[in-house]
Amino acid sequence: MTAFTFNTTKSVICEPGAIKRLGTLAREQIGARVLLVTDPGLVKAGIIDPAINSLNEAGVHYELFGDVVADPPVSVVEAALAQARASSIDGVIGFGGGSSMDVAKLIALLIGSGEKLDDVYGVGQAKGQRLPLIQIPTTAGTGSEVTPISIITVGDTEKKGVVAPQLLPDIALLDAELTLGLPAHVTAATGIDAMVHAIESYTSASANNNPVSRALAREALRLLGANIETAVKDGRNVRARSDMLLGAMLAGQAFANSPVAAVHALAYPIGGIFHVPHGLSNALVLPHVMRFNAKLCNESYAVLATDAFPDLASAPAEQRTREFIDRMEALSADLGLEQTLREVGVTEPDLPVLAADAMKQTRLLVNNPREVTEADALAIYQAAY
């Protein structure tokens with residue numbers, strides 16, 4: 001067996017209604033003063049209220065930073081850092097989608113270690129230790145609650161990542177009741193995002209692609225494939241929401257150790273330049289990247305096809321691969337997601353700009369099973385256009 005390393009979040013709590021235990025957990029794991037990081041939508045909708053109530057009941061003082069935006073820029077991180085420094089916090093709670101959890105990770109790291117943001121970009125550049133950290137996802141998509149990765153926007157459009165084992169939180173709290181009000185379009189996009197994580201992790205060319213990640217990726221796809229349509233069409237279904245949260249978390253554990261590749265590399269410029277949500281950006285390029293990779297991933301795709309779509313089990317391998325790609329594309333359409341780049345504001349002259357920008361994502365492209373040149377990226381964007 002090839003040597004590998006597998007790391008994940010120390011403790012995972014998966015239970016509808018578990019948010020009521022947050023105050024007790026925070027007092028035990030963090031201390032008396034926390035920074036609660038979230039976004040304005042969750043504050044306005046009152047979705048954050050159960051977390052605040054639990055903290056109050058446990059006598060935990062919280063400072064609320066509620067200004068996280070999608071694809072958070074450096075300015076948001078700096079504002080959160082300033083509030084954290086002024087508040088003498090003992091630790092951090094991230095509450096929301098991937099953006100809120102990613103900002104929470106950076107605040108815990110930078111306050112705890114005293115390092116500067118510019119010094120920790122890249123893989124393994126962070127040296128110090130973070131403050132205690134609890135992550136609470138309100139979407140079933142990013143898996144950020146179990147990944148050592150934080151992505152932010154630098155300058156106008158460039159996505160940069162901080163990848164370090166210190167970013168893995170102490171607790172991931174998965175409460176499906178927090179996702180019941182999630183709009184159908186967001187449920188669909190984040191669900192496809194989680195499926196992309198599983199697919200890319202399983203087929204990753206990373207030297208750390210390992211049997212644990214592959215097993216988790218397959219179980220993630222089984223859960224996500226079986227529940228995504230129900231979660232989108234019947235958003236109050238707690239069982240489907242719970243299985244989606246679990247599936248997204250398992251996919252997060254998988255790609256945290258066997259990293260994602262070209263789908264994400266090509267999705268980042270779409271999100272960075274055109275402010276398209278990350279899950280939708282992934283969905284737009286997924287089938288076209290899969291077709292590009294198919295000649296080298298036929299066997300892997302044939303395996304994954306039966307996890308996502310069990311009725312394909314009796315089909316020959318090559319047919320399963322073709323059907324898998326076609327069905328992922330059809331699933332995205334059936335769930336109501338946009339299907340072309342032009343639908344999200346991309347114009348034809350923008351395609352070479354996207355291709356050039358995608359080439360900057362070397363951290364991701366190196367994991368793709370097939371080498372991607374700038375000409376290849378352009379061809380994929382043209383197919384998606």
Side-chain angles (χ1 to χ4, degrees), residues 37 39 65 67-82 84 92 94 96-128 130 133 135 141-169 193 196-197 200 204 206 252 255-256 259-282 285 353-368 372 374 377:
V37 179
D39 68 65
F65 181 82
D67 295 329
V68 177
V69 296
D71 303 311
V74 172
S75 59
V76 166
V77 176
E78 290 174 340
L81 277 172
V92 183
S99 295
S100 292
M101 290 191 285
D102 282 5
V103 171
K105 289 176 184 176
L106 288 178
I107 303 312
L109 173 66
L110 298 176
I111 294 293
S113 69
E115 293 169 290
K116 296 179 180 178
L117 180 58
D118 285 343
D119 294 334
V120 297
Y121 289 127
V123 180
Q125 298 305 304
K127 307 304 180 187
R130 60 160 173 77
L133 175 64
Q135 297 280 44
T142 67
S144 183
E145 67 274 12
V146 289
T147 69
I149 305 163
S150 179
I151 305 295
I152 60 172
T153 303
V154 178
D156 292 332
T157 62
E158 186 180 359
K159 297 286 191 77
K160 277 192 174 183
V162 177
V163 183
Q166 299 96 309
L167 295 183
L168 285 168
D193 184 26
V196 172
H197 293 155
E200 290 212 287
S204 179
S206 167
F255 90 84
V260 292
V263 175
H264 278 70
L266 271 67
Y268 279 155
I270 301 170
I273 298 172
F274 295 96
H275 306 293
V276 176
H278 174 66
L280 177 56
S281 298
N282 272 336
V285 297
V353 177
L354 290 174
D357 204 35
M359 290 298 100
K360 298 175 184 177
Q361 300 296 328
T362 53
R363 174 180 68 88
L364 302 173
L365 290 173
V366 71
N367 301 317
N368 203 60
V372 181
E374 190 169 335

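Residue numbers count from 1 along this sequence. Quick note: numbers below take in every heavy atom, side chains included, and nothing from hydrogens, waters or symmetry partners.
For Ser204, the side chain to side chain contact (heavy atoms under 4.5 Å, CB included) criterion is met by Ser206, Asn209, Ser258, Pro259, Asn367, not counting sequence neighbours. In this structure, the side chain to side chain contact (heavy atoms under 4.5 Å, CB included) partners of Val69, at least two apart in sequence or on a different chain, are Pro73, Val76. Listed by chain and residue number, nothing satisfies the ring pair (Phe, Tyr, Trp, His ring centres under 6.0 Å) test with Phe65 (two or more places apart in sequence, or in another chain).
In terms of heavy-atom proximity, Glu374 sits nearest to Ala355 at O-CB, 3.9 Å. For the residue pair Ile107 and Ala84, the shortest heavy atom distance occurs at CG2-CB, 3.8 Å. Minimum interatomic distance between Val103 and Ala80 (heavy atoms only, all atoms of both residues): CG1-CB, 4.3 Å. When every heavy atom of Pro72 is checked against every heavy atom of Ser99, the shortest pair comes out as CD-OG, 3.4 Å. In terms of heavy atoms, Ala377 sits closest to Met359 at CB-CE, 3.9 Å. The two residues Asp193 and Gly279 come nearest to each other via the heavy atoms CB-CA, 3.7 Å.
Using modelled atom types, no side-chain atom of Gln166 and backbone atom of Arg130 make a donor-acceptor pair closer than 3.5 Å. The backbone N or O of Ala261 lies less than 3.5 Å from a partner atom in the side chain of Glu200, making a donor-acceptor pair.
A heavy-atom distance below 4.5 Å is not found between the side chains of His197 and Val263. A heavy-atom distance below 4.5 Å is not found between the side chains of Glu158 and Tyr268. Counting only heavy atoms from C-beta outward, the side chains of Val196 and Phe255 never approach each other to under 4.5 Å. Side-chain contact between Leu364 and Val260: present, with at least one pair of heavy atoms (C-beta onward) separated by less than 4.5 Å.
Note that CG of Leu106 and CG of Leu133 are 10.5 Å apart. Values are rounded to the nearest 0.5 Å. Taking CG of Asn282 as the start and CD1 of Ile270 as the end, the distance is 8.5 Å to the nearest 0.5 Å. For the atom pair CD1 of Ile273 and CG of Asp156, the computed distance is 10.0 Å after rounding to the nearest 0.5 Å.
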Which atom pairs, donor and acceptor, lie under 3.5 Å between side-chain atoms of residues 108-116 and protein residues at least two apart or in another chain?
{"unit_1": "Ser113", "atom_1": "OG", "unit_2": "Leu109", "atom_2": "O", "d": "2.8"}
{"unit_1": "Ser113", "atom_1": "OG", "unit_2": "Glu115", "atom_2": "N", "d": "3.1"}
{"unit_1": "Ser113", "atom_1": "OG", "unit_2": "Glu115", "atom_2": "OE1", "d": "2.8"}
{"unit_1": "Glu115", "atom_1": "OE1", "unit_2": "Gly128", "atom_2": "N", "d": "3.2"}
{"unit_1": "Glu115", "atom_1": "OE2", "unit_2": "Lys127", "atom_2": "N", "d": "2.8"}

Enumerate donor-acceptor pairs with a distance under 3.5 Å from any side-chain N or O in residues 145-154 to protein atoms, sequence neighbours excluded.
{"unit_1": "Thr147", "atom_1": "OG1", "unit_2": "Lys105", "atom_2": "NZ", "d": "2.9"}
{"unit_1": "Ser150", "atom_1": "OG", "unit_2": "Asp102", "atom_2": "O", "d": "2.8"}
{"unit_1": "Thr153", "atom_1": "OG1", "unit_2": "Asp71", "atom_2": "O", "d": "3.0"}

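Pairs engaging residues 355-368 under the salt bridge (charged side-chain N to carboxylate O under 4.0 Å, His left out) rule: Asp357-Lys360 [sequence neighbours left out].
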